[in-house]
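Let me begin by presenting the structure, written as structure tokens, before commenting on it.
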Amino acid sequence: MDSFNGFIDALSGAVFFKVPVAGAQIELIVLYLALPMLFFTLWLGFPNITQVGRAIRILRTQPDKGEAKGDVSQWAALSTALSGTIGLGNIAGVAVALTMGGPGAILWMFIIGWFAMTVKMAEVTLGLKYRIFDDAGHVHGGPMYVLKSVGAARGWPKIGMLLGGAYAFFALFGAIPMVQVNQSFAQVKVVTGLTNGWAYGVFLAGAVALVTLGGAAWLGEVAKRLTPLKVAVYLAGVLAILILHLDAIPGALALIWDGAWNGQAATGGAVGAFVAGMRRAVFASEAGVGSAVMAHSLARARHPVSEGLVALLEPLLGTMIVCALGGLALVVAGTWNMGLEGIAITSAAFAQVSPWFPWLLAIVVFLFAYSTLVAWGFYGLQAWGYLFGHGPRAQWTYKILYIVALPPAAAIDLGRVVDIVDSSFFLMAIPNVIALYLCAGELRRDVRAYLADKENPAG
């Protein structure tokens with residue numbers, strides 16, 4: 001175990017290498033992801049302001065079967081992607097951001113979530129443009145296919161294949177949502193007294209297997225039903241905390257604002273708040289990571305940009321609304337500064353409402369973890385298929401490996417889990433962001449042409 005922990009520490013140290021900026025130490029990978037968020041927001045004309053209404057209208061006029069290519073509806077694709085993004089990163093992740101960067105990290109999560117909307121739109125648009133269909137008519141997509149196609153089109157086929165393979169390789173590790181298993185067990189342990197993490201991990205893996213072995217169509221049906229339910233129940237609990245501490249909200253907002261610009265030295269100051277907010281916002285929204293592209297690529301969409309606009313809604317819902325409200329609730333409850341960590345911070349806040357509220361949180365956490373594990377099982381399958389083929393034997397091999405890999409996460413220290421997941425996530429972002437920059441010109445042309453076309457049903 002010591003050698004394993006040493007490997008994790010070395011990996012995390014390499015991925016989150018720090019460079020001096022304006023007298024402060026900032027992780028290079030954080031800047032690497034912040035820059036495309038700023039660039040594409042300007043380059044594409046602030047679609048995170050101007051196109052939100054159109055995105056909603058597209059969902060209301062989505063094509064039926066036979067009207068466009070794809071395996072699932074645009075709503076099902078969005079729900080599947082949200083199953084992956086609105087997970088425990090939005091509950092335990094907010095608590096982790098508070099302990100890492102103080103209350104100011106919540107404001108940075110909100111701001112970064114807004115910029116993340118444009119990156120999510122850009123990567124999904126490219127994913128739809130370069131997705132492929134197999135002989136059976138099923139669709140496969142993701143940043144690895146974008147990189148392979150773009151490399152070939154520009155006369156760099158080997159470089160495109162290498163970058164696509166690197167993305168798929170990193171995605172195999174990033175697609176094991178260890179935080180979900182670890183923190184859902186932590187909350188179940190609080191309310192039930194269960195101490196056997198392996199037993200819980202095996203149970204959760206078995207539940208995931210029921211859907212993972214069923215395929216993408218079944219995944220879409222599960223996601224459509226679980227996503228609205230889990231978000232509604234969680235937000236109900238958050239609103240109960242806010243109502244209970246109504247008089248503390250103005251002070252909490254002031255603390256969040258002040259912490260974002262003048263953070264405490266103990267949490268790394270304002271820079272520490274930004275870095276913590278950035279890391280957790282990326283984990284919560286997955287913008288720049290490219291994972292959600294694999295879910296959106298399944299959609300029956302009339303045009304790649306239309307699905308890109310639908311994807312625009314993901315960070316808005318997951319990071320700017322769910323994370324921001326959850327973070328505010330933890331600040332007004334004061335549990336973020338009580339020496340607790342992870343989901344225990346949220347559980348203590350819920351307990352202030354009623355002794356049985358941690359049970360409600362346990363149910364929510366299980367739903368969040370379960371739906372995220374199901375969605376990420378599909379993402380990993382796409383990466384595996386890119387590397388080893390989409391034949392039945394290859395698919396079954398991956399599904400079994402994925403299910404077997406879940407139980408150990410319930411027994412690993414939270415800090416190690418966060419380091420593993422963050423390292424994998426940010427490594428996935430490196431080739432994905434390269435693809436975005438390579439396609440910046442064609443991306444803007446496609447977006448402008450789509451928006452100028454008056455024949456589009458969503459106007």
Can you see which heavy atom on [X] is nearest to which on [Y], and at what distance?
X: G380; Y: L172; value: O-CD2, 3.7 Å
X: S347; Y: P358; value: OG-CB, 3.8 Å
X: A324; Y: I106; value: O-CG2, 4.2 Å
X: S291; Y: M428; value: CB-CE, 4.2 Å
X: A168; Y: L387; value: CB-CG, 3.7 Å
X: L147; Y: A435; value: CD2-CB, 3.5 Å

When you compare the side chain of [Y] with that of [X], does any pair of heavy atoms fall below 4.5 Å?
X: Q74; Y: H296; answer: no
X: L443; Y: F40; answer: yes
X: M320; Y: P315; answer: no
X: R300; Y: E307; answer: no
X: Q51; Y: M121; answer: no
X: M117; Y: E314; answer: no
X: W43; Y: T118; answer: no
X: N432; Y: V289; answer: no

Can you tell me how far apart [atom1] ([X]) and [atom2] ([Y]) are? Round to the nearest 0.5 Å.
X: W114; Y: N48; atom1: CH2; atom2: CG; value: 4.5 Å
X: Y398; Y: I403; atom1: OH; atom2: CD1; value: 9.5 Å
X: W257; Y: L255; atom1: CH2; atom2: CG; value: 13.5 Å
X: L239; Y: Y234; atom1: CG; atom2: OH; value: 10.5 Å
X: H140; Y: L381; atom1: NE2; atom2: CG; value: 9.0 Å
X: L313; Y: I321; atom1: CG; atom2: CD1; value: 9.5 Å

(message) Between L360 and V233, is the side chain to side chain contact (heavy atoms under 4.5 Å, CB included) condition met? List the steps.
(response) CA-CA 8 Å; L360 176 67; V233 175; 3.4 Å; yes

Is there a donor-acceptor contact under 3.5 Å from the side chain of [X] to the main chain of [Y]?
X: Y32; Y: I430; result: yes
X: R131; Y: S297; result: yes
X: S306; Y: A301; result: no

(request) Please report the C-alpha distance between I29 and F17 in whole Å, then the side-chain angles of each, then the deciding distance to 0.1 Å, and finally whether the side chain to side chain contact (heavy atoms under 4.5 Å, CB included) criterion is met. (result) CA-CA 8 Å; I29 194 70; F17 178 77; over 6 Å; no

(request) Fit a plane to each ring of F203 and Y200, take the angle between them on a 0 to 90° scale, and name the class: parallel (under 30°), tilted (30 to 60°) or perpendicular (over 60°). (result) tilted

(request) Please state whether the rings of Y386 and Y145 are parallel, tilted or perpendicular, taking 30° and 60° as the class boundaries. (result) perpendicular

(message) Using the rule side-chain contact (heavy atoms from CB on, under 4.5 Å), only one of V124, L126, T125 pairs with L128; which is it?
(response)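 Per the side-chain contact (heavy atoms from CB on, under 4.5 Å) rule, the option paired with L128 is V124, out of V124, L126, T125.
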
Under 3.5 Å, which donor-acceptor pairs link side chains of residues 242-252 to any protein atom two or more places apart or in another chain?
residue, atom, partner, partner atom, Å
H245, NE2, Q352, OE1, 2.6

(request) Verify the neighbour count for atom CZ of F39: are there more than 12 heavy atoms of other residues, nucleotides or ligands below 6.0 Å? (result)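 Counting neighbours around CZ of F39, more than 12 heavy atoms of other residues, nucleotides or ligands fall under 6.0 Å, so yes.
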
(request) Mind running side chain to side chain contact (heavy atoms under 4.5 Å, CB included) on L312 and V52 for me, showing each step along the way? (result) CA-CA 7 Å; L312 189 84; V52 174; 4.2 Å; yes

(request) Show your working on side chain to side chain contact (heavy atoms under 4.5 Å, CB included) between W198 and F185 and close with a plain yes or no. (result) CA-CA 10 Å; W198 281 95; F185 169 66; over 6 Å; no

